[in-house]
Amino acid sequence: MKLPKHTLFLLLTKKQTHYRRLLTSHCSRRYVETLSTSSSSSNYRRDELECISLHPPIGRELQDFYRDNFSLQRNKRIVPSLPQDDGTDDVMYVLKKKEQQETIASLRLTRSKYDRGYTFLRSLCTARTCRLQGLGVELLLSSLKDFDNTSFYYCFASSELVGFYEKAGFERILPGNRTSIPKWMAHSYKQMAMKWRQRDKSLELFIWKPIKSSPVQILLLQHCEEVTKSTATGWLADDKPYNQSIGSIQHSIPLQNRIDVRRLVWAGRNDTAAIEKNINELMRHSSVYLLWTGQNSNESKSDIDLKAVYIILDGTWQQAQNMYRKIPMLWNLPRLSLAGHRSKYTLRKDYTGWRGKFSASDGSGDLLCTAEVMAALLDRRGDDVGACEIRTRLDEFQKKYPIITARRKKNESLDFLHELST
């Protein structure tokens with residue numbers, strides 16, 4: 001039986017559509033296999049690989065890598081968006097074999113502009129010739145640790161990649177649990193998922209939560225005159241007053257999970273007994289160290305105790321010496337020296353020659369302000385991101401000292417009025 005031309009055309013069209021769906025399904029499965037953590041052995045040993053961070057301008061080599069490997073279909077040569085501005089908040093990571101220039105895998109990490117505690121993962125790609133060896137997970141875990149091991153990471157990916165991301169430690173956020181994520185993330189995911197549904201594809205949201213570790217414990221033993229000084233720097237480690245004074249939270253990385261600062265104010269010998277009682281209580285539960293200069297330091301530790309409490313004498317160096325003389329319990333505490341750091345603190349001038357008087361005689365480092373001591377302590381712990389954030393806050397504070405000081409006084413007045421009204 002001879003079919004009409006229009007009927008034959010419809011049958012051919014349906015057949016082409018069927019094959020197109022099969023091809024798309026095959027490509028999709030193939031893409032999933034490229035990121036899966038297969039049980040097959042890897043052709044690379046871990047000690048042969050290195051994870052390298054790249055900052056703009058991004059070279060042509062990486063663009064060619066994406067052009068050859070990123071698309072599901074070989075005939076499509078797609079290059080995703082790459083970082084344009086040089087900085088530490090938008091970084092490319094590549095996995096390479098040592099002493100070789102060939103890229104094995106690559107991804108992009110971008111810190112969120114809405115909440116700097118979150119980082120967006122995208123553009124994860126493994127070379128076609130190096131797939132099914134777990135190299136995607138190797139790069140993923142190495143880059144997350146290097147970028148910021150206390151950040152939350154999130155990504156949008158196909159539902160067929162659930163196994164891959166769960167293997168890497170990510171959590172799939174189900175529809176019923178999406179009320180717990182930030183609103184800006186939910187809105188971004190909703191927009192992206194809508195575009196995927198138009199192509200008959202499903203999109204999933206994955207979040208990687210940092211391993212919880214106890215923050216560095218600091219006891220700020222503050223001289224009463226330091227409390228009211230506008231040049232004091234201890235407050236820079238407190239997220240709330242800093243964000244209020246700086247006028248924006250977009251340029252601040254939260255420190256609340258990195259450093260825990262408690263404060264005791266000393267106004268004279270009458271406060272000594274109460275302070276010694278507090279220190280004695282701390283010593284019942286953990287080790288207590290006094291942070292001191294290299295000069296007259298009777299004990300120095302190369303690594304810090306994660307469960308210890310570190311005391312900082314906060315005031316001028318003359319006031320710190322005075323507190324030390326009049327609080328006998330401090331005399332027998334083990335001391336931790338943070339030598340080797342150069343101070344960039346300039347708000348207090350050396351009119352009386354105190355720098356030469358109190359600096360270490362061996363020239364091992366400058367006298368640090370309170371914020372710099374906290375940063376040095378985070379350095380010793382290995383938290384480079386937290387240390388860099390404190391130093392960034394200090395630089396911002398010194399550059400905009402008059403404006404920030406005025407805002408601090410205004411905020412303190414508003415807080416005082418709020419306390420009276422309640």
Just by distance, do the side chain of [X] and the backbone of [Y] share a donor-acceptor pair under 3.5 Å?
X	Y	value
Ser245	Tyr242	no
Glu226	Asp314	no
Glu372	Lys344	yes
Asp146	Ser142	no
Ser158	Leu161	no
Ser53	Tyr93	no

Residue pair [X] / [Y], side-chain heavy-atom distance below 4.5 Å:
X	Y	result
Asp395	Thr392	no
Leu290	Leu313	yes
Ser112	Phe152	no
Leu107	Leu95	no
Val91	Leu54	no
Phe206	Phe164	no
Tyr66	Pro80	yes
Tyr345	Thr231	yes

For the atom pair [atom1] ([X]) and [atom2] ([Y]), what is the distance rounded to the nearest 0.5 Å?
X	Y	atom1	atom2	answer
Glu204	Glu160	CD	CD	10.5 Å
Tyr310	Gln217	OH	CD	10.5 Å
Leu282	Arg262	CG	CZ	5.0 Å
Asn278	Leu264	CG	CG	5.0 Å
Asp89	Phe147	CG	CZ	6.0 Å
Lys190	Met194	NZ	CE	6.0 Å

Short N-O contact, [X] and [Y], less than 4.0 angstrom:
X	Y	result
Arg172	Glu166	no
Lys277	Glu281	no
Arg116	Asp148	no
Asp238	Arg263	no

Exercise for the section: Could you please spell out the steps behind the side chain to side chain contact (heavy atoms under 4.5 Å, CB included) verdict for Leu347 and Lys229? Expected result: CA-CA 11 Å; Leu347 292 179; Lys229 283 185 178 177; over 6 Å; no
If you count heavy atoms of other groups shown closer than 6.0 angstrom to [atom1] of [X], is the number above 12?
X	atom1	answer
His55	NE2	yes
Lys96	NZ	yes
Ile403	CD1	no
Arg199	CZ	yes

Problem - Ser230-Thr405 side chain donor-acceptor pair, cut-off 3.5 Å - result: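 Their side chains do not contain a donor-acceptor pair, so the 3.5 Å distance test is not met.
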Problem - Test ring-ring contact (aromatic ring centres under 6.0 Å, His included) applied to Tyr118 and Tyr153, step by step - result: CA-CA 6 Å; Tyr118 286 86; Tyr153 291 88; 9.6 Å; no
Measure across [X] and [Y] and return the closest heavy-atom pair with its distance rounded to 0.1 Å.
X	Y	answer
Lys97	Leu49	CA-CD2, 4.3 Å
Cys155	Tyr165	SG-CE2, 3.6 Å
Leu141	Ala168	CD2-O, 3.3 Å
Ala237	Val261	CB-CG2, 4.2 Å
Trp235	Pro241	CZ3-O, 4.0 Å
Leu109	Ser143	CD1-O, 3.9 Å

Of [options], which is the lone residue that meets side-chain contact (heavy atoms from CB on, under 4.5 Å) with [X]?
X	options	result
Met374	Leu220, Thr233, Val216	Leu220
Leu219	Ile279, Ile312, Ile275	Ile279
Asp383	Leu255, Ile390, Leu378, Ile259	Leu378

Handout entry: CA sep, side-chain torsions, deciding dist, call: Asp271, Val265, side chain to side chain contact (heavy atoms under 4.5 Å, CB included)
Key = CA-CA 8 Å; Asp271 295 322; Val265 178; 6.0 Å; no
Exercise for the section: Would you please test Leu205 and Met185 for side chain to side chain contact (heavy atoms under 4.5 Å, CB included) and show each step? Expected result: CA-CA 10 Å; Leu205 170 61; Met185 186 188 298; 4.2 Å; yes
Practice task
Step by step, work out the side chain to side chain contact (heavy atoms under 4.5 Å, CB included) result for Met283 and Leu333.
Solution key: CA-CA 10 Å; Met283 294 175 67; Leu333 291 178; 4.0 Å; yes
Problem - Which residues share a side-chain hydrogen bond (donor to acceptor under 3.5 Å, both in side chains) with Asp90, sequence neighbours left out - result: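 Once residues adjacent in sequence are excluded, the partners of Asp90 under the side-chain hydrogen bond (donor to acceptor under 3.5 Å, both in side chains) criterion are Arg108, Thr110.
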Practice task
Go through the steps for Phe120 and Trp184 under the test ring-ring contact (aromatic ring centres under 6.0 Å, His included), then give the verdict.
Solution key: CA-CA 12 Å; Phe120 185 35; Trp184 56 265; 9.3 Å; no
